Every structure is written in C-alpha cells, then in structure tokens.
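Heavy-atom basis, side chains included; hydrogens, waters and symmetry copies ignored. Model, not experiment: these values are computed from the prediction.
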Amino acid sequence: MAPSIRDLQLTKVVAGGQKSPTLVAGADGDSGDLEDVRLLDAYENSEEGQGLEQGTMKRVQVGVTGMTCAACSNSVEEALMSVSGVLRASVALLQNKADVVFDPRLVKEEDIKNAIEDAGFEAEILPEPSAIGTKPQGTLLGQFSIGGMTCAACVNSVEGILRDLPGVKRAVVALATSLGEVEYDPTIICKDDIVNAIEDAGFEAAFVQSSEQDKIILGVAGIYSEMDVQILGGILSNLKGVRQFYFDRISRELEVLFDPEVVNSRSLVDGIEGGSTGRFKLHVANPYSRTTSKDVEEASNMFRLFLSSLFLSIPVFLIRVVCPHIPLVYSLLLWRCGPFQMGDWLKWALVSLVQFGVGKRFYVAAARALRNGSTNMDVLVALGTSASYFYSVGALLYGAVTGFWSPTYFETSSMLITFVLLGKYLESLAKGKTSDAIKKLVELAPATATLLIKDKDGRCIGEREIDALLILPGDTLKVLPGAKVPADGVVVWGSSYVNESMVTGESVPVSKEVRSSVIGGTINQHGVFHIQATKVGSDTVLSQIISLVETAQMSKAPIQKFADYVSIPNFSTRIASIFVPTVVTLALMTLLGWYIAGALGAYPESWLPENGNYFVFALMFSISVVVIACPCALGLATPTAVMVATGVGANNGVLIKGGDALERAQKIKQVIFDKTGTLTQGKASVTTAKVFTGMERGEFLKLVASAEASSEHPLAKAIVAYARHFHFFDETATNDAQSDNQESTISGWLFDVAEFSALPGRGVQCFINGKLILVGNRKLMTESGIDIPEDVEKFVVDLEESAKTGILVAYDGNLIGVLGVADPLKREAAVVVEGLRKMGVRPVMVTGDNWRTAQAVAKEVGIQDFKAEVMPAGKADVIRSFQKDGSIVAMDVITAIDLSRKTFSRIRLNYVFAMAYNVIAIPIAAGVFFPSLGIQLPPWAAGACMALSSVSVVCSSLLLRRYQKPRLTTILEITVE
C-alpha cells in the first residue's frame, strides 16, 4: 500500500507559481472523503439558497496556496468551519480554492482569509461568483454522438467542420467513443445547427447532453396516438415555468426547457403525471444510458448488414465454386436466358444488391470524405469493390457484344464487402468493451430513492419512491440496509456502516453517524439512516468521477498525433497524410506493372487464370493492394488503449485526467513526498516537555496550549491534547492528537489570548497577560531576538537527530522551554520508497521541518534527496527547480506510473503491428512474392485481412483489462514464503 497522499498530480508550473494538475490518481488512504476527485461545490441547499437570496448569507471563493495533499485541504476546511458564522466550507485541492458560505453579520471576508493563513497557508479573496438560479452565461459544453467515423481522417474532418462553425470555441472528437464535445456560444449557434453541420458532412449525429441546467430529457410511457401527444402538449403549456418543449415520436423522449427559478425538475415531472391523472409515466433519461444504447444499436445495425451481405454472398460463392461439380445444377446455370447465362444473371442480381444496397454506406462515406478533402478506408473499399464489380459487368457486356467471354469476379466484390462488415461488427463489439468502466460506474448509482415527505414543521408524514435523478439539494432521503446511498449528503438521523470501496478503494466499512458525510453510490451495510442531500446530479462525486474518466477517454495523447497524420491533406507538414493516395498509386503501378510485364512476355501464360488475360490477372493484384491497406488500425492504436487504461485506472482507484497525463506518467523521473501525513501517519504526539526556568511544568504547558489553541496546525493540536491530558489526566487526549480543540478552549482552563497570529513556516505568537509568547522554531526565535542558550540548543539537536521536531517556547523575551513532537512513520513508507527506486524513479522529500529532523526521517525511510525548511508556498518553487532539466515531477502513486508504462508499451505494440501489417501485407497483395513463392492473395482474402487488422488492434488494447496493481513484493523481488 502506498503512503496515503491520496492524490497524484503531474504538475506543470506556470506563471505565478500555480500548479496545473494534469493527472489525478487516488491511492489507498486512511480517509474516505475523496479529496482527490473533489471539485468546488456547484450547489446550494435550500437554507443556504434562501439565505443567499435574502441577503442574510454570503458566498465567497478564496484562492488557497500551499496545499499539497488531502491533509492540507482538510486542515483548511477545519479552520474555516471553526470560525463562528461560517455555515459551510468546501475546499477543492485540485482547484486550489475554498468555497465558503457565511453570515456577514457575524464574520467578515478578512476573518475568513486570516483563518486560512493561521492554518499555515496563503489566501486570497477571489471575485464573487455568479448568483444562484441565474441562467448559464457565456459558452455551453455540449456532447454529441457521431456515427459513421471509421478512422483518424474522419475524426479530423469532423473536428475541422465543427471548429469552422461560427460560435464554436472548441471541438474535440473521439473515434473510440464516437462522441464529440463542443464548446459553443448559444447566442450565436444552437445544438441543432451543430447536428445539421455534422450531418451535412455525411456523418450521423445526435445531441446527447449539455451543461445547461434548465433542461431535462424525459422518457414518456403511455403515448399511443396523436391525441395523447396533444394532451401532453396541453399539460406542458399550462405548467408555469415551462419555456419550450419538444416530443420525439420515434424515441418517445420529451425535451423540456424550463425556468429553474419557477419550477424544478421533480415538480415538473409531478405536474405532467398529475395533469394526465396517471395516464403518462415519466422517467429521466440518463445520458450515459442513452449513449450505451446507441452503441448497442450501432453494433446491432452492423450485424444486420453483415448477415444481409453474407446471405446474398453465399449463393454467389456456391455458384462459382460448388455448383460446377453438381451436373444438374450446373446445367441450369449454363442455360442461356437472353444475352447471358442464368448463372451470370443470378450473380449480377445478387451482387448488385450487396454492392449498392448493403454497401451503400461505403459509397456515402467515401463521397463524404472526398468532399471534405480527405481519404479513408471507405474510399479504398469503395474503389476496390467498384473495380471488381464494374469489371465483371463490363466483361459480361463485352462478351454479349463480341462473343468473347472473359471470367467475371462478382464474388470478389460481395465477399470483400461481407468480410469488411464482419470486421466492422467485431470492431464495434470490441470498442464497446473499452467503455465498460463508464458503464460500471454508471451502474453504481441507484435508479430510485426513498424521499421522506415532511410537513411545515419538519416532521416526517410519509415517504415516496422517486427517480434518483430527480433528487434535489435539501431533500431528506431514507437509506435501508443493503441499499445504495442515492446522493452525496450528510446523515441527519441514525447510524450504520457504509461500504465505500467502489469509490475510495478502502475495503473496510466506514462508520456513519449524525453529521457524517456520505457518498452517492456507496452501499449501506447494517442500520437505517436518513441523509440530507447536498450534492445531486452532475455535482456528486460519482458523476465527477464519470465525467473525469469520460473526458480522459476523449482526450488525445501526444503519441496519437502520429496516427492523426494519416489521410489529412497537408503534405508540406504531415508526410504520412498521403497514405491513401500512396496506396492508390501503388495499386495503379501494380496494375500497369503486371499488365506491361505480361504483354512483354516477362512471365508465362500458365500463370493466367482460365479464360483470363493479362489485364484481368493484373487487375486482381491491383484490387488486393487497394483493399488490404488499412489506415484504421493506426487510428485505433492509441484511443482504444487510452480508453481501456482510464477505465482500468478508475477500477483501481486511479483517476486519469487525460491521455496527455497518462503519457507523462510513464516519463516520471522524480516523485516528491510531503513528510507530514504522507510518509508519516499525520498523528503527531508530544514525547518530551522540558522547562529551562523555574516555572512549573503545568504552568508551562498551560501557556503553550493557550497560544496553540487557536492554530489549526497538526503539531498545535498535539500540544493542546498533551497539555489537556496533563491538566485533566484525560487518557483519551493523548491517543487522539486530532481531537477538536474547540472543546479545550470552551472548557475554560486556558488563558485568554490576545492578538493571535500564525506565522507560516515559523510558528505562532500572541499576548497572554499582556506579555508576548512565541511558540515555534529557531527561525522565529532568531527573528524575534530571542537568545538560545547552549544547553537548550544541544537538547533540541538531540531531539532532531532522533527524528523529532523541537518546538521552542519564549515568554516575555526569555526562552522558557522546549517540546519534542514525534510523528511516526507509516509502516509501508520505506517499502514504497524502495519500490520507486527499483522502478527507476528518484524519491524526494520536501518538508517545512528543520534540516536535522528531515535528515533523520529521510534516512529512516531510505530517501537520499530531501529539501528541508521549505515554506508551504515555496514547494512550487522546489518542483520548478526539478523541472528545469525537462524532468517530469509527480506526487506519489505507484499504480499510476506502472499503468502508464504498461499502457504505452501496449500502444507502441499496436503501432508496430499496424505499421508492420501494412508494410508486409501490401507487397504480398501486389504479388511481389508470386514469381518466387507462388503466393497470391485474392481480393476477398485481402479484404478479410484488412477488416481483421483493426479488430486485432482493438483486441490488443482490450488485453489491458487484465491489468492488476503491481505488488510491492514483486517490484522488490521479495519471495514470500
């Protein structure tokens, strides 16, 4: 188990010293609050919303600098919640922000800023966010399903079309998921215009979802006639807050645009069902389920096309191969009917259905590609099959006119299309499996929830089952044993143990009591409890994980740029863009080469097929060259592997923010550890307290505890707990260094403190009884002009060399004592560090502690390179110093590094296979080895090879699904007996 830093960030230091995280990975940690995937809250519960609207409550966002792990964000959150007047505080580690709702009558923004700084971090009040309930401003992010894409050329073609649309700011299209994300300005362009633009380019398109908060898509049951549609329209027209609505008669889906300030989604559904007196039943259409159903529909459609082509092609194959050996049947086929034999009529009719019926999609896609100035696999298939088909038709017509009958090759065209469709079907099945991770994550969320109905006084008067997607912030929900928690929230009644392993990776059930937070999708194991929903819809942790995985699967790794070169017109910058034109050129050269060589007598006539000629002989080689080349395998090599890897990562607690982050992870050279809470347990305890004056020990501890009681630093809590135990002989205080020190302050045993100030990286200072007291390190004492006697210095050095932190205390200008604080190392810390070293990664420790303590801890854990006495805000500078030579720097997780390395090994293998396939297959198809080895590849066999090349690449990527977390015993080459 890795040290529970609980998140991994590949950082790129930008202006201002801010860190831009590009990869996040959850590791096994002690806490389960999912800080590593947590974003700023985008919700308000009912009380907060009312308070904000009435002006009694205020919301502010604060930029926080210096947070490096979940322990830091928790410290900031605790510091904020300890401020009187703060109603809610949410800290987002990834965004370096805190979102605070507070009562301006009790607390000011400056007090919030000071609370964060007192906790040892730097804070800055950010501009006020937009008010609750307002319509979305600026751009929207829309997701569209796109059908008909076959390779990287299609992807780039669609992206180019979208980016050229007015009002579109950004467009990203993913081949593996058949999805596109478009950021657009709704005042300039609407989703229908985007769909039409994609369809005008020859692709299939459908809107999936957008970031609009005032729109809902509902599935409607009970619509059987036009009268029902009119009734539904009448109900919607009479509902307050409904702006627009559209009912799709085919999909039975109702899209409603409403005013969230007037009506919410649940009251909208209740209003429609109530207005129809139960005639209509509605359910919220889950966008992920809709996408999955489209994938299934695509695979089913491809299977139907394949069966149709196979059904029509088998008779053609039998007529050519089997029937000549059955005299009676063969005589019927030779019967002349008009200008042609019956067998020729049958083959022409059957193959025409395959060529222009089943194979219509290839002509449409090829025309689309050529119209957009690009070429792809469909161009090659259409070209190869058309050559075979029209040659055969020409041969028949020529024979009817001249009486010279050349052999026809109708079966080549039909079998070629059949094998290509088989490959496409298998490919769609394999691609569907690459998105299994998202499907599993979606299935974690329950379909329904039990809503408790309350009267005006807040008493429960009943309960009802509702669609889980209709839960609203502030709802009180009942969770039974064995049921899934329907939304993120807080326990308001009851207690139980909840299995959070599917989200946090922790196998041990977590105790939940009143005021405990719960995560939607986790499983209640024992008791019954009630929760108040705080985050719903896209704001829940599970939804954010799904969104993060989906975004990662849509992103392109830098290595994919190699494949994107294929079939993109721009020869001056992308040489491989001439892949398809090059193949066509090679096919023409093959045709001319074999034909001219035959005409010149370079090879014997015995090589020719029966009743054949040099042109037909050369044409078959040419067609094989055209159809065997496959740019699709190149286009699928990276995105399928990235999709599988991000899904596997999510299943193993590693959340990857994109292909770029995944690729960067394999290049990590240094892993930086924070000391407190990462290498150590984060549960500091006082081991030594020595007074160097005549002051009594109890008085000394009371002074120090009074000064530290207002601090949120872990060491401060340990000191207060130790002093409290000494004062009250409370056994539990020493065992829980993280106890709430507010109780200590309220108890009245501490001195009154004035002008308290936390000094990041140094300590604290305040006034007690009118005298200045300083509690901190040497730097604080030196800056304040406090002399450190030789015996005190020796005592502190001894503490530091034994991996303890020496806390010096000065009162009224004199140094009066020293406290020794120890934070035990985690059991697995040394093993993890050694594991990284075996993987070729250099571990580095960065801490704000003094040099001797840092050296002792580093030596004990096996780290040779460490940085001590680093201020919280200075850790970004340390990372920047490591990045100067181009090194990739991360903050720990072994699984992410190992997964990245295995993924890109697989991607490279995919590229090798895809390139080797084309390099080897094209010469064979061209007949290079026919003169010496007699190897000839018929066009239908070439088509089968081409179709299966893409399938093999996707299947290769699917092998990543068998990935398992690396065992430290394996990395360290330890044999467990």
Side-chain angles (χ1 to χ4, degrees), residues 42-43 136 140-145 191 206-223 232-233 235-236 239 241-260 262-276 278-296 438-439 441-451 453 463-475 477 483-489 520-521 533-547 550:
Y43 73 91
L140 291 177
L141 187 63
Q143 191 176 76
F144 301 82
S145 63
K191 62 179 178 60
F207 173 74
V208 177
Q209 62 179 335
S210 78
S211 56
E212 278 188 299
Q213 299 299 313
D214 54 357
K215 184 190 308 182
I216 188 171
I217 299 177
L218 303 166
V220 185
I223 301 287
L232 178 62
I235 295 172
L236 287 165
L239 286 178
V242 174
R243 293 172 178 165
Q244 297 176 9
F245 59 87
Y246 170 75
F247 179 73
D248 189 326
R249 289 171 171 79
I250 299 176
S251 64
R252 292 291 194 272
E253 287 186 346
L254 173 66
E255 182 179 304
V256 183
L257 193 67
F258 61 93
D259 186 347
V262 179
V263 65
N264 58 51
S265 57
R266 188 165 69 234
S267 59
L268 181 66
V269 171
D270 291 342
I272 297 173
E273 291 184 342
S276 68
R279 185 173 188 171
F280 304 141
K281 294 296 181 183
L282 284 73
H283 68 275
V284 182
N286 190 312
Y288 297 105
S289 300
R290 294 170 71 218
T291 303
T292 301
S293 65
K294 287 183 181 295
D295 293 339
V296 174
I438 287 184
K439 296 174 187 174
L441 289 172
V442 171
E443 290 170 357
L444 290 178
T448 60
T450 302
L451 174 68
I453 303 172
E463 59 184 51
R464 58 176 286 208
E465 188 175 70
I466 63 171
D467 192 314
L469 296 174
L470 294 177
I471 298 173
L472 301 174
D475 283 347
L477 307 168
K484 293 180 179 179
V485 178
D488 293 1
T534 55
K535 297 181 183 179
V536 299
S538 60
D539 296 322
T540 64
V541 168
L542 184 58
S543 293
Q544 290 178 3
I545 292 174
I546 294 172
S547 178
E550 191 174 46

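For the atom pair CG (L254) and CG (D248), the distance works out to 10.0 Å, reported to the nearest 0.5 Å. Here the CG atom belonging to L232 is positioned 10.5 Å from the CZ atom belonging to R279, to the nearest 0.5 angstrom. Put simply, CD1 on I466 and NE2 on H283 are 15.5 Å apart, with the number rounded to the nearest 0.5 Å. For the atom pair CD of Q244 and CZ of F258, the computed distance is 13.0 Å after rounding to the nearest 0.5 Å.
The closest side-chain heavy-atom distance from I453 to R464 is below 4.5 Å. Put simply, the side chain of F245 does not reach to within 4.5 Å of the side chain of L257, judged on heavy atoms. Between L218 and L469 the shortest side-chain heavy-atom distance does not fall below 4.5 Å. Using a 4.5 Å cut-off on side-chain heavy atoms (C-beta onward), I223 and F247 make contact. Looking only at side-chain heavy atoms (C-beta outward), P486 and I471 come within less than 4.5 Å of each other. In this structure the side chain of I272 never reaches within 4.5 angstrom of the side chain of V220, judged on heavy atoms.
Of all the heavy atoms in L542 and G521, the pair that sits closest is CD2-CA, 4.5 Å. The shortest heavy-atom contact between F280 and I235 is CE1-CD1, 4.2 Å. The nearest pair of heavy atoms linking E273 to L282 is OE2-N, 3.0 Å. A pairwise comparison of heavy atoms in A487 and L477 identifies CB-CD1, 4.5 Å as the closest pair. Here the closest heavy-atom approach between residue D475 and residue R266 is recorded as OD2-NH1, 2.5 Å.
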Open item on the list: V263 vs L239, test: side chain to side chain contact (heavy atoms under 4.5 Å, CB included). Steps then yes/no.
Closed with: CA-CA 9 Å; V263 65; L239 286 178; over 6 Å; no
TODO: Run the numbers on K191 and F144 for side chain to side chain contact (heavy atoms under 4.5 Å, CB included), then give the verdict.
DONE: CA-CA 9 Å; K191 62 179 178 60; F144 301 82; 4.0 Å; yes
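Under a 3.5 Å cut-off, the side chain of N264 and the backbone N or O of L472 do not form any donor-acceptor pair. Not one N or O on the side chain of D467 forms a donor-acceptor pair closer than 3.5 Å with the backbone of T448. E253 contributes no side-chain N or O that, together with a main-chain N or O of I217, makes up a donor-acceptor pair within less than 3.5 Å. The backbone N or O of G520 lies less than 3.5 Å from a partner atom in the side chain of D488, making a donor-acceptor pair.
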